[in-house]
2 protein chains.
Amino acid sequence: MQTSDRIIEAATRLIKKNGYRGVSTKAIATEAKVNESTVFRQFGSKQGILEAIIERHSDIPQFEKLLKEDATDNPEVDLLNVSQQYRLFFHKNADIILIGIRDKGMLPELDRVLAEPPVKLHSLLVEYFERLQKKKVIAKQDERLTAMSFLSMCYGFQMSELIHRQYQSQLVTEEEFYKHSVSLFVKGILSQS
Amino acid sequence: MQTSDRIIEAATRLIKKNGYRGVSTKAIATEAKVNESTVFRQFGSKQGILEAIIERHSDIPQFEKLLKEDATDNPEVDLLNVSQQYRLFFHKNADIILIGIRDKGMLPELDRVLAEPPVKLHSLLVEYFERLQKKKVIAKQDERLTAMSFLSMCYGFQMSELIHRQYQSQLVTEEEFYKHSVSLFVKGILSQS
DNA sequence: AATGCATGCAAGTACACGCTTGCAAGTCTG
DNA sequence: CAGACTTGCAAGCGTGTACTTGCATGCATT
């Protein structure tokens with residue numbers, strides 16, 4: 001494996017565990033089984049390593065397609081797809097999400113990148129629910145709030161998995177959680193108030 | 001105001017912003033308008049300040065009462081109460097929750113204290129939903145998953161407020177979110193599948 | 001074989017940080 | 001007023017850390 005890859009992986013592992021400021025370049029070098037000077041020759045500075053980590057994960061999810069072109073307008077199907085995609089997004093980016101939370105403010109760009117997907121998804125969900133209301137598929141309701149409820153449910157589940165995994169994991173599996181939550185949620189939005 | 005109070009407040013402010021390791025004792029002293037040596041005379045060490053911050057917030061919520069003695073067994077009422085209490089818990093402890101997330105692992109006791117309430121609340125909700133099912137108030141369902149859905153919804157909303165406030169706040173207010181979410185959720189658990 | 005490149009190694013620099021200490025000044029209490 | 005206590009101030013100690021540099025070594029390409 002490439003030297004720089006080993007360094008990035010080592011850094012990711014350590015920063016996830018101890019935070020950016022809690023990890024020294026020497027520790028990263030040792031973990032990567034590399035001399036410290038090599039780290040600087042490759043990345044210039046400690047911050048450079050962090051930037052490389054983020055660059056490697058630039059993988060923004062595409063919810064647009066799921067809720068527009070590919071939408072079946074059967075909410076149970078579409079929302080399950082969205083939740084799967086959201087879940088995938090969390091898995092793929094678990095590393096930088098954790099780092100972004102721990103070391104918020106270290107890299108403004110990271111903050112922005114991480115804050116964006118939820119906002120974007122919220123507005124897409126609003127549009128989606130609006131359409132379903134017009135089509136009388138779901139009851140009349142405040143779509144902003146409905147979208148927020150759904151989003152919070154997914155976000156909350158994923159965040160608690162990320163943050164508290166070692167304490168409370170495996171109360172329920174991801175599969176069953178989403179299956180149950182989506183169907184419960186759909187029942188809620190179908191019925192007339 | 002007491003010198004030590006000023007120090008604790010200053011430290012809380014700074015640690016929330018920059019993380020424990022991102023804040024120097026000198027910076028804390030300056031922020032508190034106190035000499036650095038005074039900080040050490042009062043708290044012994046930097047870690048001592050952190051412990052004092054946590055001690056000051058030892059304020060564990062009581063969901064037990066809400067879901068047992070005080071329960072009306074009208075889920076709309078009870079769940080709204082629970083959500084209010086949960087929300088209050090987040091507000092009261094916003095400081096140490098944020099610090100706990102940022103500096104996870106710094107203080108094992110803090111990790112534990114913060115991981116506990118959600119787990120506890122989950123098991124209380126499970127009991128509650130079990131009872132309502134036996135009483136035929138709500139449909140038959142897997143109460144573990146139902147509890148998790150509700151909990152994730154509340155947790156997710158509060159966490160995103162805490163973490164991303166500056167980016168996405170005020171899409172919706174807390175009041176309307178909980179009112180809407182609880183009623184949507186209750187519709188979901190009432191209806192027969 | 002010669003050249004260039006990536007790396008290891010050892011030493012070192014500059015600085016920030018946690019923490020200590022001795023002394024002087026101010027405040028509060030009996 | 002005397003004594004105890006708190007604080008400010010200035011200096012300093014030891015350590016860890018980001019980062020640099022010069023040299024030697026091995027490897028690959030030409």
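Reckoned from all heavy atoms, side chains included, excluding hydrogens, waters and symmetry mates.
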Can you tell which of C:dC17, D:dC19, D:dC9 lies closest to the side chain of B:Ser24?
C:dC17
Are B:Thr38 and D:dG8 close enough that a side-chain N or O sits under 4.0 Å from OP1 or OP2?
yes
More than 12 heavy atoms of other residues, nucleotides or ligands under 6.0 Å from CD of B:Glu69: is that the case?
yes
Between P of D:dG22 and CG of A:Asn35, the distance in whole Å:
16 Å
What's B:Gln42 touching, base or sugar-phosphate or nothing? Going by heavy atoms closer than 4.0 Å.
sugar-phosphate
N-O pairing of B:Arg87 and B:Glu175 below 4.0 Å:
yes
B:Leu162, A:Ile163: one ILVMFWY side-chain cluster at the under-4.5 Å cut-off?
yes
Name every residue in residues 3-23 of chain A that has at least one heavy atom under 4.0 Å from any atom of DNA chain D, in order of residue number, or write none if there are no such residues.
A:Val23
May I ask you to say whether B:Arg112 pairs ionically with B:Glu116, meaning some side-chain N is under 4.0 Å from a carboxylate O?
yes
Roughly how many Å is it from CZ in A:Phe40 to P in D:dT17, rounded to a whole number?
12 Å
A:Leu50 CG to D:dC19 P, in whole Å, measures 12 Å
Charged N to carboxylate O below 4.0 Å: is that the case for B:Asp5 and B:Arg56?
yes
Distance in angstrom units between B:Ile28 CD1 and C:dC17 P, rounded
11 Å
What is the distance, rounded to the nearest whole Å, between atom CD of A:Glu36 and atom P of D:dA18?
7 Å
Does B:Thr25 have a side-chain nitrogen or oxygen under 4.0 Å from the phosphate oxygens OP1 or OP2 of C:dG18?
yes
Salt-bridge contact B:Arg131-B:Asp73 (side-chain N to carboxylate O under 4.0 Å):
yes
How far apart are the C-alpha atoms of B:Lys17 and A:Lys104, what are their side-chain angles, what is the distance that settles it, and do they pass the side-chain contact (heavy atoms from CB on, under 4.5 Å) test?
CA-CA 8 Å; B:Lys17 206 190 324 171; A:Lys104 204 155 138 49; over 6 Å; no
Counting only side-chain nitrogens and oxygens, does B:Lys26 get under 4.0 Å of the OP1 or OP2 atom of C:dC17?
no
Could you check whether A:Ser37 gets within reach of a base, just the sugar-phosphate, or nothing at all, counting any heavy atom under 4.0 Å?
base
Do the side-chain N or O atoms of B:Gln2 get closer than 4.0 angstrom to the phosphate oxygens (OP1, OP2) of D:dT6?
no
